[in-house]
Amino acid sequence: MKKTGILASKELRAYFTSPIAYIVMILSLSVFNVLFYMIIDQNREAVLRDMFLLMEFMFVFLAPIFTMKVFAEEKMSGTMEFLQTTPTRNSEIVYGKYLSSVVFFLILLLLTAPYYAILEFFSSPDVPAILTGYLGIFLEGAFFIAIGVFTSALTRNQIVAALSAYVLILLLYFSVGLEKFFSGTPQALVHYLSVMGHSKNFFIGIVTTADLIYFISGIFLFLTLTRIAIENRLCR
Amino acid sequence: MISAHNVKKYFGNNKVLDIASFEAREGEIIGFLGLNGAGKTTFMRILTSFLPTTCGDVRVCGYDVAKQSLLVRRHVGYLSEAPPLYPDMVVKDFLRFAARLKDIPARQTPAQVAKALDLCNLNGVASRVIGQLSKGYRQRVAIAQAIINDPKLLILDEPTNGLDPLQILDVRKLIKNLEHKRTVIISTHVLSEIEEFAQRVIIIKQGRIIKDHSLAETPEAAGGAKLFLKLRGKRPDIESALRVMPDAAVTAMTGDDEARAVELDLGKGRESYNELIEALLRTQVQILEIRKPSPKLEDVFIRLTKGPTKEGQSV
């Protein structure tokens, strides 16, 4: 797994040598700052619950932007052939690229830490609820990134990769609204697949094994599918 | 170094490769020739473990390309048709990255990078961003990544493709420096390049090897040797002298009685033309010039790749 680290650090450097990373960060933080002010001003509560709900909605749109080039660009430029003809396992390539996107996302998330500091300065916020909220938003973002990495591995076209990721993520995000069209086991399945159903507990300070399993297994499922996709000739 | 037997590759129902047998020894320099879509790149990709075969046995350095692909890739340096470069990376950072991916220990990496920079004459641009380099330099960087791990087998897929004449000369000079002590496979459309580098030529057509010969043998084996004569004399005398070689065909006859240029195809397998000289000397014809031009690889290539392939011709 040493090569996972080598690939991740190269990818992370690539993120920060392109202006897109800075643009995404500045725009996201600007929006978060405005929303944070509005929420605190309106609710007058020392909680980040509503902030997490808005951040999760934002990440639905941001994750495909982080990830659309991960494999699509490599395939377009021919560097995928270079990576796959070095003595590097396909799983190391997938984990390395995924890790870099997750670290980038984590940096963006850490830049929102001052919101907690502000709450702490003016009030006494519920620290465990904020920590579990951050854990939830991190797992959810990491799950969306795994989906984006997977769709990027299916095509050479970054736009197609991003659009496919949007479709999958939005289906999982809004599937809670589809529940009424089903009954019995299918309804239970749609309910289980809903991302919102699993993330909301984290935002109110509850961590359940079921929710952890949902996100972690979802991440590994999409990373496994990504590995299969890059091994498959049709996706090259 | 390489052994491939009964190798077949299908894309869907389309058979793109059907190689009965192919062997390459250590230190051999082999040129792959073939039209676009002949199967050269597919075969090269199989040798690098990038593509699996549909069936057949392929071994590189004694390792099975399907079952021991990591070991195979450790010994192979590969330059793909599209130079595999990251335009945002600095040259030496990219080479360091390639070295680490190719299992070169961290302690040896700086030395290997320096060696590759030296060999490829890249020291002057080592700190520059790849995207800002000329196409010729970018190709050098791509070659540098292919040799960074001192591979036993170096595979170069159209290494001078898209370069200007000066850049082509530069890259050719560089490749000549790399040939020592390793097996090299070069695929190119520039036939003179094969003549310059290779000891052995493999001509591939519709996925089959239709010619596998050392470069010196190839022209003669592919068809008749040519003979060029410049003669002074009457046409009927010349024609009657030519009749002593019934297998030879006159491919061109121009000029007048003072100086007539005659071009002959001596026929398959035939190299001597003593009887023709004797016949000409018996007439009033004066021989002004006799020349036996070496057939060019280009002629051989065109002759062999024209028309459909016969079943069972693969070597």
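To find a chain, count down the sequence lines: A is the first, B the second, and so on, and within it residues start at 1. Everything quoted here is computed from the prediction, not taken from an experiment.
- Within 6.0 Å of the CZ atom in A:Phe61, the count of heavy atoms belonging to other residues, nucleotides or ligands exceeds 12.
- Side-chain contact between B:Tyr86 and A:Glu74 is present, with at least one heavy-atom pair separated by less than 4.5 Å.
- B:Glu81 is not listed as a side-chain neighbour of A:Glu81, based on a closest heavy-atom distance of 4.5 Å or more.
- B:Pro84 and A:Gly78 make their closest contact through CB-O, 3.9 Å (heavy atoms, listed as atom of the first residue, atom of the second, distance).
- Heavy atoms from other residues, nucleotides or ligands lying under 6.0 Å from NZ of B:Lys8 number more than 12.
- More than 12 heavy atoms of other residues, nucleotides or ligands lie within 6.0 Å of CZ in B:Arg172, so this atom counts as buried by the packing criterion.
- Listed in order of number, the residues of residues 90-127 of chain B that approach chain A to under 4.5 Å between heavy atoms are B:Phe94, B:Phe97, B:Ala98, B:Arg100, B:Leu101, B:Lys102, B:Asp103.
- In terms of heavy-atom proximity, B:Phe50 sits nearest to A:Met80 at CE1-O, 4.4 Å.
- Of all the listed residues (A:Lys2, A:Lys10, A:Glu92), the one sharing the greatest number of non-hydrogen pairs under 4.5 Å with chain B is A:Lys10.
- Taken from CZ in A:Arg13 to CG in B:Asp88, the straight-line distance is 12.5 Å, to the nearest 0.5 Å.
- The contact between B:Pro83 and chain A is made entirely by backbone atoms, counting heavy-atom distances below 4.5 Å.
- Annotation: A:Met25, atom CE; neighbour count of heavy atoms from other residues, nucleotides and ligands within 6.0 Å is above 12.
- Heavy-atom neighbours of chain A within the stretch residues 56-73 of chain B, taken at a separation under 4.5 angstrom, comprise B:Leu70, B:Arg73.
- Counting heavy atoms of neighbouring residues, nucleotides and ligands inside a 6.0 Å radius, atom CD of B:Glu23 exceeds 12 of them.
- Proximity to chain B is limited to the side chain of A:Thr17, based on heavy atoms less than 4.5 angstrom apart.
- A pairwise comparison of heavy atoms in A:Ser77 and B:Ala82 identifies O-CB, 4.5 Å as the closest pair.
- More than 12 heavy atoms of other shown residues, nucleotides or ligands fall within 6.0 angstrom of atom OH in A:Tyr192.
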